[in-house]
Amino acid sequence: MQKYIPANIEPKWQKKWKEEGLYLTNLSDTAKKYYVLVELPYTSGDLHMGHWFTFTMGDILARFKKRLGFNVLFPNGFDAFGLPAENAAIKHGIHPRDWTYQNMERMREQFETLGTSIDWTKTMVACDPKYYKWNQWIFLKMLEKGLAYQGKLLSNWCPVDQTVLANENVEDGKCWRCGAGVVQKEVIQWFFKITALADKLIWQDPPQADWPKHLREGQNNWIGKSEGMILDFDRIKVFTTRPQTSDGATFLVLAPEHPLVSKLTTKEQKNDVESYIKSVKSRSELERKESKEKTGEFSGSFVKNPVSGRQIPVWIADYVLMGYGTGAIMAVPYADERDKQFAEQFKLPIIKTSFKAKPSGQKQTQYHLHDWSISRQRYWGTPIPIIYCDKCGVVPVPEKDLPVELPYKVDYAPQGKPPLATAEDWVRVECPKCGGPAKREVETMDTFVDSAWYFFRYLDNENDEEIFDKKIVADWMPLEIYIGGPEHTLGHALYSRFFTMVFKSLGLIKFDEYAKKRIHHGTILGPGGLRMSKSRGNVVNPDKEVKSYGADAIRLYLMFLGPYDIVTPWKTEGVNGIYHFLQRVWGLQEKAGVDSLSLRDHEDMRMMHRTIKKVTEDLVELKFNTAIAALMEWLNHLSRKEQVSKEEYKTYLCLLAPFAPHITEELWQNVILRSASDEGSLTNVSSNELRDSSLIAQNDEFQSIHQQPWPQFNDKYLAEEKVKVVVQINGKVRDVLLIQKDIINHKEVIEKMAFNSPKSQKFLKGKLVKKSVYIPSKIISFVV
RNA sequence: GCUGGUGUGGCGGAAUGGUAUACGCGCUCGCCUUAAGAGCGAGUGGGCUAUGCCCGUAAGGGUUCGACUCCCUUCACCAGCACCA
């Protein structure tokens, strides 16, 4: 027997599977289909452990479902637009496109070494005009529907990356990419009106799709719907969710950015207010959030509280946000903690509220969610299909002129204006309306637009006429399962739901939710328990690990670590353990495949059927770790035997195949070929010749193990001949009886046996049995 | 502060009302070996007056013949959101 050397078998089978097109999906066969998706990777250059972890899960599911007879689609693409490409370009003097395509090439090869069953013919690349043309098309459609608009808003601005950031991309007041402190700046930009669908985006109870509770609650929280009222305090409108406390409003507070601030400020207060506003502006978001003290300044003006009739002062303070409600509040220090703190700090009156006030006002629903700002002042993204004409104003690019292609030659170094502005020939354009001289929009779309709908495009990725064929999408969507990271809860996972709803309103699809099930995967940390990062130097490189242990061992190791959502460090000893397991599987061929050996032994049959059942059920429930444990238990059983029958051996390989596709394929082909030559028909033929011979095509067993039907279990083998029944006395285990199957349902007999057993007698002697409970095949419980 | 989640051996974890610690790692002992490693076999929650018994799933209480599992209280940790009026 040859030694198990993964490097000798893994590339060989990867090549063969690819040549034979084993994983190509025929989309016209929709009788029993299964679409499994893993979040597409960003083209950063290398697959990291996280990719291995999530794509192994997806791959195991794809292989398992295929073996159950499903027509499985498991595609993948690349999130290829974005800032890192541009930053790398600036740093290394390589064009973002070249950098991206080089990375993509390397990543495709790495996906192959992982042994995934991805169908690469159904793919998409975000920076390909064939793809982003449809981003532009969606933009135009949304513009028509009033779901895209241009507006001027205070926005998060990253001074280092020189771009606007969505709320979701600001972490602790810092840019999620470069960590620079974000400042507020008023900018004209394009928005998607996600707030128009805020109500529809709220998750119901029970949920309309099987998505994690954590995600549903998180999104609902982020959407932040609250019902309240707009009340008028003279000219000032405030929003409140508790109008019944308005009799206790003893002052008003305006956000420093509120448009009425300058009007309301009196001459005497002018200097103080102006210096206060100046100090607010100079504080960063972070400082503002961290300081516990409240700050503010009196405007000098008073307004009338319409309920109490009192004149109350108007203050200006930054604990009131311009971006929520009306940017002004009535302060009820008696009922509100923050107002109370402010009142105490500035010695403002606190009066009791009746909680019964009924002010007149207008009902209003308010959301925390803001419209999605999609303009980015950078180069490497989808051009926004808009033309500015001096005569006609803002003119959308006509559909027939799509795609608006991103010019290759630009000066993408940041210089305070969008890089596309430097491509003067590209910018200069005829107005589609009047034919006069005009200029293109020089900003690009947020890359989250690319990933908001890519899974639709996989299904019809070559289509130049429409975004996708409605029928194919109707046949294949929604996704059966979408595997992704919890960090996308408020970004990608929300945007893609929004896009799906927009597609429905455009009549492209008929469903609201694009994935029946979503799961959040875990994280593999560095060996020391910290997040892997280059700067920490604790990155475990999958390529290196594959060289030492092979892809199968890494796949199994990752899946065996724990549940799919586990957050846990990488441990080399653990990989050793799995490698050892694979070597034992490899060694099994020594005593395996003995044809004459039939499965007479009941325990052998029981172990086999038990394992089939366990692995099958665990895969359905995505419990990869316990499925592997069951396979280990069966291997322990098989290892103790002198010989292993062909049926057991083949079943074993079949069950292990989704987890470890290479070693099982090799062993499968070996055992099939060996039995063929045992039959005498194929002597003096080498393995390779045999594989290519015509005989193989005639017999299904000669096909890849990944095309074999999934093993079936039969309940009749599951029962043990003698069943263990535990004897409990007053809740404590005192004895275990071995009971023949045929009397297991006779309560009186079992009760007598349990009562009379010497061990039980020790505890029962001279005591009165008050009650006995018998659960067949499990337990008999006495109360004395 | 709000929301969601978690708490089990030396470690990752298993068991979701019925023998707690499956499976793996680590460790101990033994076999094999010139030796080391690998491999194979046995053991591995704690305690004790040890053929047996007691304790034990963050802490305390409850329901039940029986609780890691269900209910109540408390504590700790993780994640997300957060001056949202």
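Letters A, B, ... are given to chains in the order of the sequence lines, protein chains preceding strands, and every chain is numbered from 1.
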Exercise. Is the distance from OP1 or OP2 of B/G39 to the nearest side-chain N or O of A/His580 less than 4.0 Å?
Worked result: yes
For this session: Calculate the interatomic distance between A/Arg734 atom CZ and B/U19 atom C1'; express it in whole Å.
Result: 13 Å
Problem set entry | Nucleotide forming a Watson-Crick or wobble pair with B/G9, both distances under 3.5 Å | none
Exercise. Where the side chain of A/Ile775 is defined as all heavy atoms beyond and including C-beta, which of B/G18, B/A85, B/U19 is the nearest nucleotide?
Worked result: B/G18
Exercise. Roughly, in whole Å, what's the span from CG in A/Asn220 to C1' in B/C81?
Worked result: 13 Å
Seminar exercise, completed: Of the listed B/G24, B/C83, B/C54, the closest approach to the A/Asp318 side chain comes from B/C83
Exercise. So which one's nearest nucleotide on RNA chain B is more toward 5', A/Lys213 or A/Ile780?
Worked result: A/Lys213
For this session: Could you check which nucleotide pairs with B/G39 in any of the strands shown, counting Watson-Crick or G-U wobble with both distances under 3.5 Å?
Result: B/C31
Exercise. Quick one: do A/Glu633 and A/Lys614 make a salt bridge, cutoff under 4.0 Å?
Worked result: no
For this session: Would you classify A/Pro563 as touching base, sugar-phosphate or nothing, given that sugar-phosphate means primed atoms plus P, OP1 and OP2, and contacts are heavy atoms under 4.0 Å?
Result: sugar-phosphate
Exercise. Pick the nucleotide of RNA chain B nearest each of A/Asp339 and A/Thr626; which residue has the one closer to the 5' end?
Worked result: A/Thr626
For this session: Find the partner of B/U51: check Watson-Crick (N1-N3 plus N6-O4 or O6-N4) and G-U wobble (N1-O2, O6-N3) distances, both under 3.5 Å, and reply none if neither fits.
Result: none
Problem set entry | B/U44 - base-pair partner by Watson-Crick or wobble geometry, distances under 3.5 Å | B/G26
Exercise. When A/Phe239 is tested against each of A/Met330, A/Met229, A/Gln364 for side chain to side chain contact (heavy atoms under 4.5 Å, CB included), which residue passes?
Worked result: A/Gln364
Problem set entry | Test: A/Glu748 and A/Lys752 ion pair at under 4.0 Å | no
Exercise. Of all the choices, B/A22, B/A85, B/C54, which nucleotide is nearest to the side chain of A/Ala629 once you look at every atom?
Worked result: B/A22
For this session: Can you tell me, in whole Å, how much space there is between the P of B/U74 and that of B/G52?
Result: 45 Å
Problem set entry | Counter-base of B/C70, judged by Watson-Crick or G-U geometry with both distances under 3.5 Å | B/G62
Exercise. Where the side chain of A/Asn636 is defined as all heavy atoms beyond and including C-beta, which of B/G18, B/C23, B/U19 is the nearest nucleotide?
Worked result: B/C23
Exercise. When we call it a touch if two heavy atoms are under 4.0 Å apart, what does A/Ile628 touch: a base, just sugar-phosphate, or nothing?
Worked result: nothing
Exercise. Expressed in whole Å, how much space separates the C1' atoms belonging to B/A82 and B/G4?
Worked result: 15 Å
Exercise. Is any side-chain nitrogen or oxygen of A/Asn576 closer than 4.0 Å to OP1 or OP2 of B/G24?
Worked result: no
For this session: Choose from B/A85, B/C54, B/C65 the nucleotide whose nearest atom is closest to any side-chain atom of A/Phe239.
Result: B/A85
Exercise. Taking the same atom, C1', in B/U57 and in B/A14, what whole-Å distance lies between them?
Worked result: 12 Å
Seminar exercise, completed: The nucleotide from B/U3, B/U19, B/G12 with an atom nearest the side chain of A/Glu217 is B/U3
Problem set entry | Separation between the P atoms of B/G61 and B/G66, rounded to whole Å | 16 Å
For this session: Could you verify whether a donor N or O on one side chain and an acceptor N or O on the other, from A/Gln366 and A/Ser226, lie under 3.5 Å apart?
Result: no
Exercise. Any donor-acceptor pair under 3.5 Å linking the side chain of A/Asp371 with the backbone of A/Ile194?
Worked result: yes
Exercise. The side chain of A/Lys762 lies closest to which of these nucleotides: B/A82, B/G52, B/A14?
Worked result: B/G52
For this session: Look at A/Lys623 and B/A15 and indicate whether a side-chain polar atom (N or O) is within less than 4.0 Å of OP1 or OP2.
Result: yes
Exercise. Using a cut-off of less than 4.0 Å, is there contact between a side-chain N or O of A/Lys778 and OP1 or OP2 of B/C65?
Worked result: no
Exercise. So, does the side chain of A/Lys294 form a donor-acceptor pair with the base of B/C83 at under 3.5 Å?
Worked result: yes
Problem set entry | Span that lies between the C1' atom of B/C81 and that of B/U63, in whole angstrom | 37 Å
Exercise. Any side-chain N or O of A/Asn625 under 4.0 Å from OP1/OP2 of B/A14?
Worked result: yes
Exercise. In whole angstroms, how far is the C1' atom of B/G10 from the CD atom of A/Glu573?
Worked result: 13 Å
For this session: Report yes or no: is there a donor-acceptor pair, N or O only, under 3.5 Å between the side chain of A/Gln728 and the base of B/G18?
Result: yes
Exercise. Is B/G9 syn or is it anti, if syn means the base angle is within 90 degrees of 0?
Worked result: syn
For this session: For B/A22 and B/C71, measure between their C1' atoms and round to the nearest Å.
Result: 29 Å
For this session: Please check the phosphate of B/G12 (OP1 and OP2 only) for any side-chain N or O of A/Lys571 closer than 4.0 Å.
Result: no
Exercise. Across the strands shown, which category fits A/Gly577 at heavy-atom distances under 4.0 angstrom: base, sugar-phosphate, nothing?
Worked result: sugar-phosphate
Exercise. Which of these nucleotides, B/C54, B/G12, B/G39, is closest to any side-chain atom of A/Gln583?
Worked result: B/G39
For this session: From the options A/Gln219, A/Glu217, A/Arg518, select the one residue that forms a side chain to side chain contact (heavy atoms under 4.5 Å, CB included) with A/Thr489.
Result: A/Gln219
Exercise. Heavy atoms under 4.0 Å, any strand shown: does A/Val783 hit a base, just sugar-phosphate, or nothing?
Worked result: sugar-phosphate
Exercise. Taking 4.0 angstrom as the limit, do A/Glu617 and A/Lys623 come out as a salt bridge?
Worked result: no
Exercise. Can you check whether A/Gly248's main-chain N or O pairs, donor with acceptor, with A/Lys352's side chain at less than 3.5 Å?
Worked result: no
For this session: Would you mind classifying the nucleic acid contact of A/Val733 as base, sugar-phosphate or nothing, using non-hydrogen atoms under 4.0 angstrom?
Result: sugar-phosphate
Problem set entry | Residue matched to B/A79 through Watson-Crick or wobble contacts both under 3.5 angstrom | B/U3
Exercise. Donor-acceptor pair, A/Thr245 side chain versus A/Phe355 backbone, under 3.5 Å?
Worked result: no
Problem set entry | Pairwise C1' distance, B/G24 and B/G5 [rounded to whole Å] | 26 Å
Exercise. Taking any strand in view, what nucleotide pairs with B/U21 in a Watson-Crick or G-U wobble way, both distances under 3.5 Å?
Worked result: none
Exercise. Taking atom P in both B/U69 and B/G9, what distance in whole Å separates the two?
Worked result: 15 Å
For this session: Would you classify A/Tyr579 as touching base, sugar-phosphate or nothing, given that sugar-phosphate means primed atoms plus P, OP1 and OP2, and contacts are heavy atoms under 4.0 Å?
Result: nothing
